[in-house]
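As structure tokens, the structure follows; a few thoughts come after it.
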Amino acid sequence: MRRSLGIAVALFLLVTGPLHALERPRIGLVLGAGGAKGLAHIPILKLLDELDIPVDCIVGTSIGGIIGALYAMGHTGSEIEKITEGLEWDMLFRDRPPRAQRPYFTKKDDGKYQLDLIWDDWVPSPPQGLIFGQNIFQMLSVLTFPYATVRDFDLLPVPFRCVAVDLVTGTQVVLEEGSLALALRATMAIPTVFSPVTWGGQLLVDGGLLNSLPVDVAREMGADIVIAVDLATPLGGPESLDSAARILSQSIRLVEHEHRRENAVAADILIQPDMMDLGAMDFFSQQKREKIYEQGEAAAQAAREELLRIKERYSLSREERSSREARKDLLTIGEISVTGNERLSQEFILSQLDILPGEQVDVEKINRKVQGIYALGYFEHIHYETNQLFGEEIALVLIVRELPRGKLRLGIRYDNLHKLVGIAGLDFANVLISGLRIENELQVFGLTHIRSRLYFPSRTLNLPVYPLLEVRYRNIPSRIFDGEGERIASYNDRAWNLDLGIGLLPAKWLNAEITFRMEEINLRPTSALPDPDLLPNLKDSLRLIAAGFTLDTLDDVQLPNQGVKLELFYEGSFKELSSDLAYDKLEASLDSYLTFAERHTGRLFLFLGRTWGEIPFYKYFNLGRPQTFVGMRYDQLFGSQMEVLRAEYRFRYNSFLNFNLMGNVAFDFGQEARPELGNPVLWGCGAAAVVDSPIGTVEIIYSLGSRSLSQPGQTQNVLYVALGTRF
């Protein structure tokens, strides 16, 4: 009997022992927070692919959540690498769509302002974040679209979770169902940088505030073995805490430090790329991105042996994962609706979407149309979700949040001429009647300029013809130089203008206007001449016809890389209209940019100006500015006719610093009041360092050029300094 029992036990152990050895543990992957440092996750994912190590659940925070979601959807590490390489990081961290996609009236004032405030009930208030995250949300919507109808994250090819924080209660929120794109937008919503995400009754921000390495969440999902990638840098010692900024940064990190340390200890395999001297906002430097990737690759190779031991111990191998990449091309749209709108009707929004039920799903078209609606400037954000209907039909839901009708914008700049100048703009859209726009602008300190404009280009900004009314006042300090290059007078260009006319808007990049203008001039020059009567006070009443034409395809205003800007302007003063003077003034300019080999940009600038009749000196062309002519002082290139040719080369050293070389020549130059000057050929050249900063460009230009109109062959040195916005 005992012998039989022993044989039975032996047989049981012989049979069940190997079966038990074949039961593999559940593998969990945890990807930590870190902003741009999250690119280090990619080579580690590529190593997991290479070693054929299966992953049974994925948890991520912030950038780790985004990359983890891509991996959970079935993308390989190499595919995720290609996705990140194709991203335009500068554009993702802005709300505005690419400039070419925006209507003319929403981009014509680009470069003027640094701060936008919401104007609601006559009270200005800041937005919830520096950016609303529209472009990032659009990107996430595209990337997650194959699983947009999946509401349970356990139904992804690999079960997935991401971590956020409820800003109201201060508690951790583990996102496991709902809109995948919205969940990813929430997990990376860095407070004050991105606006929070409304999720049911919660207001969610970046999960890294409380749990940057959520190993504990992976354990809750049933992970037996956790592979965790920690991107945190060690806390700084006393010697490194030498500034208020560093002390504040470390103080914020202390809140989550102990929890992260506990989670790091709880991981079975902890991979820690060396992120010293690398930061969360290093998205914008290709050199830094490459360094982050290299550090991730080094950490992956350092973990290779440990991963191989796990693989061999449990005989790990990966089953093929499913993907829905092809399925999105088979879907059709069954229903379309809008939610969140208050003032703008659903019919209006859907008319701009221009997608009808029954159409086959085209993700690119949906995103292009959504961006077009957002570009109208009426929304804080607009995104879409999809719900499964029947079979291959889906419901498309646009979720919008409208901006108040008013917007207050502020800017500031400095240059050698006017010193400090501040600007404030208060704009209203769709007031009184739909489509009506009112713009108010005030420039103060170094000069005074007040403008109020009322026009009606339709609510969609695509009405070909529109009426306009504009009132302006200016008081701008100006200078007059003699032929020897000496300043002989100063005066304030002081005038009131009233314009009434019509405009033409045939395309987003094309605009033309013609107006009848009444202009009242009141100049009081301060002369350094022996005879002050040579520059008497002037009070002229002008009645003008003004016409302007603008073609603008520039991709940026501060530092353009591609495109052209063509401007034509005509002004005619007629005594038949009871004007004190009779003259004609015509000018044309072409500013073109072309970037090649990524970092090299060429610029060609052409200007032509002509006048006829009784042209007063205060209507002369003034190209004495570093953007149009270097080598001569401000206001020195001042004439009744001229032609200017300028060529410029810009080298982008990194995402912030640029170096410029430029040369220009002015010919066929003349002054109606001083024919004795003849037609001198004036020249100039210069070199510049330009920093693209959060407050606008900072430019330092050293130039050499013609000393004066009568001595164009003699030289002078001129240093220009400008910072802030351009207006």
Side-chain angles (χ1 to χ4, degrees), residues 35-36 62-63 66 83-84 86-118 126-143 181 184-185 188-197 206 279-286 288-289 367-368 370-383 400-401 403 407 409-411 425 427 508-509 552-563 593 595 652 654-656 658 690-698 724-726:
S62 197
I63 186 70
I66 294 173
I83 290 171
T84 58
L87 296 177
E88 297 182 26
W89 296 104
D90 288 345
M91 184 58 64
L92 287 177
F93 283 85
R94 301 176 186 173
D95 280 319
R96 294 178 177 177
R99 199 166 183 269
Q101 296 179 10
R102 292 160 51 205
Y104 175 79
F105 289 119
T106 68
K107 65 184 178 183
K108 65 182 178 63
D109 290 333
D110 282 357
K112 281 188 176 183
Y113 305 100
Q114 292 137 332
L115 178 64
D116 285 3
L117 300 175
I118 294 170
Q128 292 178 312
L130 293 177
I131 58 177
F132 298 125
Q134 176 69 21
N135 289 334
I136 282 185
F137 209 155
Q138 288 290 102
M139 179 266 293
L140 294 175
S141 296
V142 172
L143 294 177
L184 299 183
R185 170 66 178 82
M188 50 73 66
I190 303 170
T192 72
V193 176
F194 295 101
S195 59
V197 170
D206 195 309
M281 296 307 294
D282 284 338
F283 291 106
F284 312 109
S285 167
Q286 183 176 351
K288 290 290 184 69
R289 293 198 304 267
N367 281 279
R368 186 172 64 251
V370 168
Q371 285 290 69
I373 299 173
Y374 182 76
L376 294 174
Y378 302 146
F379 302 97
E380 177 182 307
H381 63 74
I382 176 170
H383 68 280
V400 305
R401 181 172 179 177
L403 284 168
K407 179 186 293 186
R409 299 185 291 175
L410 304 173
D427 300 341
K508 293 180 178 180
W509 41 269
D552 184 355
T553 66
L554 296 180
D555 63 347
D556 188 49
V557 172
Q558 296 278 13
L559 288 170
N561 293 308
Q562 303 284 349
Y593 294 82
T595 294
R652 181 171 58 85
N654 55 36
S655 60
F656 302 104
N658 300 264
V690 183
V691 177
D692 189 8
S693 77
I695 64 168
T697 55
V698 180
T725 57
R726 289 183 177 174

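Quantities reported herein were computed from a predicted structural model and do not represent experimental measurements.
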So does [Y] get a backbone contact from the side chain of [X], meaning a donor-acceptor N/O pair under 3.5 Å?
X      : Y      : value
Arg652 : Asn658 : no
Asp555 : Gln562 : yes
Asp282 : Ala36  : no

Kindly compute the distance separating [atom1] ([X]) from [atom2] ([Y]), expressed to the nearest 0.5 Å.
X      : Y      : atom1 : atom2 : value
Ile83  : Met139 : CD1   : CE    : 9.5 Å
Asp95  : Phe194 : CG    : CZ    : 9.0 Å
Glu380 : Ile118 : CD    : CD1   : 6.0 Å
Met281 : Trp89  : CE    : CH2   : 10.5 Å
Thr725 : Leu115 : OG1   : CG    : 11.5 Å

Partners of [X] by side-chain hydrogen bond (donor to acceptor under 3.5 Å, both in side chains), sequence neighbours excluded?
X      : answer
Thr595 : Thr601
Asn561 : Arg650
Thr697 : Gln558
Arg409 : Asp427

Looking only at non-hydrogen atoms, find the nearest pair between [X] and [Y] and report the distance.
X      : Y      : answer
Ile63  : Gly35  : CG2-O, 3.3 Å
Asp206 : Pro191 : CB-CD, 4.3 Å
Pro103 : Leu376 : CG-CD2, 4.2 Å
Leu403 : Gly377 : CD1-O, 3.8 Å
Ala100 : Lys508 : O-CD, 4.2 Å

Which residues pass the side chain to side chain contact (heavy atoms under 4.5 Å, CB included) test with [X], not counting sequence neighbours?
X      : answer
Ile382 : Gln134, Val370, Ile373, Tyr374, Val400
Phe137 : Ser141, Ala181, Leu182, Arg185, His383
Gln101 : Pro97, Pro98, Gln371
Ala280 : none

Where at least one partner belongs to residues 98-108, residue pairs that pass salt bridge (Lys or Arg N to Asp or Glu O under 4.0 Å), sequence neighbours excluded: Arg99-Asp110, Arg99-Asp552, Arg102-Asp110, Lys108-Glu439

Given Phe132 and Arg401, is the side-chain contact (heavy atoms from CB on, under 4.5 Å) satisfied, shown in steps? CA-CA 11 Å; Phe132 298 125; Arg401 181 172 179 177; over 6 Å; no

Please name all residues satisfying ring-ring contact (aromatic ring centres under 6.0 Å, His included) with Phe284, sequence neighbours left out, ordered by chain then number. Phe93

So, using ring-ring contact (aromatic ring centres under 6.0 Å, His included) as the criterion, who are the partners of Phe379 when residues are at least two apart? none

Would you say that Leu87 contacts Phe283 through its side chain, given a criterion of any heavy-atom pair below 4.5 Å between the two side chains? no

Non-neighbouring partners of Lys112 that pass salt bridge (charged side-chain N to carboxylate O under 4.0 Å, His left out), sequence neighbours left out: Asp109, Glu441

Do Asn367 and Gln138 pass the side chain to side chain donor-acceptor pair (under 3.5 Å) test, and can you show the C-alpha distance, the side-chain angles, and the key distance before you say yes or no? CA-CA 7 Å; Asn367 281 279; Gln138 288 290 102; 3.1 Å; yes

